[in-house]
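Data first, discussion second: the structure below is written as structure tokens.
Just so you know, these numbers come straight off a predicted model, no measurement behind them. Atoms within each ligand, like the ligands themselves, are counted from 1 in listed order.
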Amino acid sequence: MTTLTVNGESRSIKASPDTPLLYVLRDELGLNAAKYGCGLGQCGACTVIVDGKAVFSCVTPIMVLEGRKITTLEGLGSVDAPGPMQRAFIAEQAAQCGYCIPGMMMRAQALLERDPHATDATIRTELQPHLCRCGTHMRILRAISRAAEEMKSKAADARTER
Ligand code: FES
Ligand code: FES
């Protein structure tokens, strides 16, 4: 039995320790935001955040994740209370088929958490491992910049209140 911390909750996992995280998220925990695209670490559809870093869950066995903090898109907000990244993607209508979007959002979230002032050039470079077959790249970039603005102003408000 492996114990994982997913979106702040401790979960006991029955799958064998060499099972990739993506299968555990989708098949055992019912967290379906992360998608299977290539299964080879080449498309970004399965991206989640582990200890603040974007990780391809399709090639990451759960045995290396005990004691680490895993965040999936479900951990950024809900349908009723979407987080800043999710709100920005909705506002910019950045999804066409939507398959690539959860992975894009998770890598962008990890970037902005460590560098809220990331430039457009940095955002573009960071998102390079992600493929979008629909070609909505410009909307995706606009959504991430929008999320960055909201996250920056929230951080500034929090500093003012201290
Ligand atoms: Fe993991 Fe493509 S499904 S990188
Ligand atoms: Fe369809 Fe990106 S919106 S793959």
If the threshold is 4.0 Å, N to carboxylate O, is there a salt bridge linking Glu126 and Arg114? yes
Inspect the contact between Arg139 and Glu92 and indicate whether a charged nitrogen and a carboxylate oxygen are less than 4.0 angstrom apart. no
With the side chain counted from C-beta on, respond yes when Leu127 and Ile144 share a heavy-atom pair under 4.5 Å apart, and no when they do not. yes
Any side-chain heavy-atom pair of Cys100 and Arg133 under 4.5 Å: no
Hey, which atoms in ligand 1 end up nearer than 4.0 Å to a heavy atom of [X]?
X: Gly41; answer: 4 (S)
X: Cys46; answer: 1 (Fe), 3 (S), 4 (S)
X: Cys38; answer: 2 (Fe), 3 (S), 4 (S)

Under a 3.5 Å cutoff, is there a donor and acceptor pairing between the side chains of Thr122 and Asp115? no
Regarding Cys134, does it place an N, O or S atom less than 2.8 Å from atom 1 (Fe) of ligand 2? yes
Numbered atoms and elements of ligand 2 in range of Cys97, under 4.0 angstrom, heavy atoms: 1 (Fe), 3 (S), 4 (S)
Check each atom of ligand 2 against the heavy atoms of Gly98 and keep those under 4.0 Å away; list them by number with element. 1 (Fe), 3 (S)
Side-chain donor-acceptor distances from residues 56-69 under 3.5 Å, at least two apart:
residue, atom, partner, partner atom, Å
Ser57, OG, Cys46, O, 2.6
Thr60, OG1, Phe56, O, 2.7
Glu66, OE2, Thr3, N, 2.8
Arg68, NE, Asp51, OD2, 3.2
Arg68, NH1, Val64, O, 3.3

Distance (rounded to the nearest 0.5 Å) between Thr136 OG1 and Ile140 CD1: 3.5 Å
Tell me the nearest of Cys58, Gly44, Gly39, Cys43 to atom 2 (Fe) of ligand 1, using heavy-atom distances. Cys43
Please list the nearest protein heavy atom to atom 4 (S) of ligand 2 with its residue and the distance rounded to 0.1 Å. Arg133 N, 3.3 Å
Restricting to N/O/S atoms, is Cys132 within less than 2.8 Å of atom 2 (Fe) of ligand 2 or not? yes
